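Below, all heavy atoms of this structure are taken into account, side chains as well, without hydrogens, waters or symmetry copies. Quantities reported herein were computed from a predicted structural model and do not represent experimental measurements.
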Amino acid sequence: MLVAVDHVQLAAPPGSEDALRAYYADVLGMAEVPKPPALAARGGCWFAAGPVQLHLGIENHFRPAKKAHPGLRVQRIEAYAARLASLGAPVTWDDDLPGHLRFYSEDPVGNRLEFLEPVRPSGRGE
């Protein structure tokens, strides 16, 4: 029986770890999680924020995920979007999901990320 998503893995090109660290840690505010030694030898990096884990694995013939993406629930989405934009990350709002505020962004290697927050009856995020 499935009980939770343990992590989401995204691909990244060789040599992109420093750019990924700058984005996932400094821009998104996630903490880097040490990889086990056998996996660290493969490159890439792992990040966590509370129970949310994103793993970035190195792929030699990398192509960014432009449609597939993790959906990341946030609090105070408008302030979070403003933070990302102020740090140079693209923010594209989308109002097509009823009951949610949401926007899309991209990591430095072009992977799509969705950020969303359920809307209270007042029309603002929870």
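Nearest heavy-atom pair across P70 and V8 is CB-CG1, 4.1 Å. Of all heavy-atom pairs spanning S86 and R83, the tightest one is OG-O, 2.8 Å. When all heavy atoms of E59 and R63 are compared, the pair lying nearest together is OE2-N, 4.3 Å. The minimum heavy-atom distance between P14 and N60, with the atom names listed, is CG-OD1, 3.6 Å.
Hydrophobic cluster membership is shared by L87 and F47, with clusters built from Ile, Leu, Val, Met, Phe, Trp and Tyr side chains linked at under 4.5 angstrom. By the criterion of side-chain heavy atoms lying less than 4.5 angstrom apart, applied directly or through intervening Ile, Leu, Val, Met, Phe, Trp or Tyr residues, L54 is grouped together with F103 in one hydrophobic cluster. Both V74 and W93 belong to a common hydrophobic cluster when Ile, Leu, Val, Met, Phe, Trp and Tyr are linked at side-chain heavy-atom distances under 4.5 angstrom.
In this structure, Y104 and H69 have perpendicular ring planes: the angle between them is above 60°, well past the 30° mark.
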Could you go step by step and tell me if L113 and L10 meet the side chain to side chain contact (heavy atoms under 4.5 Å, CB included) rule?
-> CA-CA 10 Å; L113 303 169; L10 298 171; 3.9 Å; yes

Steps toward side chain to side chain contact (heavy atoms under 4.5 Å, CB included) verdict (R73, V52) = CA-CA 9 Å; R73 187 163 291 183; V52 177; over 6 Å; no

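Rounded to the nearest 0.5 angstrom, H55 NE2 and C45 SG are separated by 10.5 Å. Atom CZ in R102 sits 8.5 Å away from atom CG in D95 (nearest 0.5 Å). Rounding to the nearest 0.5 angstrom, the gap separating the CG atom in L72 from the CG atom in L116 is 8.0 Å.
Under the side-chain contact (heavy atoms from CB on, under 4.5 Å) rule, L56 has a single partner from Y24, Y23, W46, which is Y24.
In this structure the side chain of E17 reaches within 4.5 angstrom of the side chain of I58, judged on heavy atoms.
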May I have the list of side-chain donor-acceptor pairs in residues 25-44 shorter than 3.5 Å, sequence neighbours left out?
unit_1	atom_1	unit_2	atom_2	d
E32	OE1	R21	NE	2.9
E32	OE2	R21	NE	3.1
E32	OE2	R21	NH2	3.3
K35	NZ	L39	O	3.2
K35	NZ	G43	O	2.5

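Listed for the N111 side chain is no donor-acceptor partner under 3.5 Å among the backbone atoms of P64. Side-chain atoms of E117 come within 3.5 Å of backbone atoms of I77 as a donor-acceptor pair (strictly under, hydrogens ignored).
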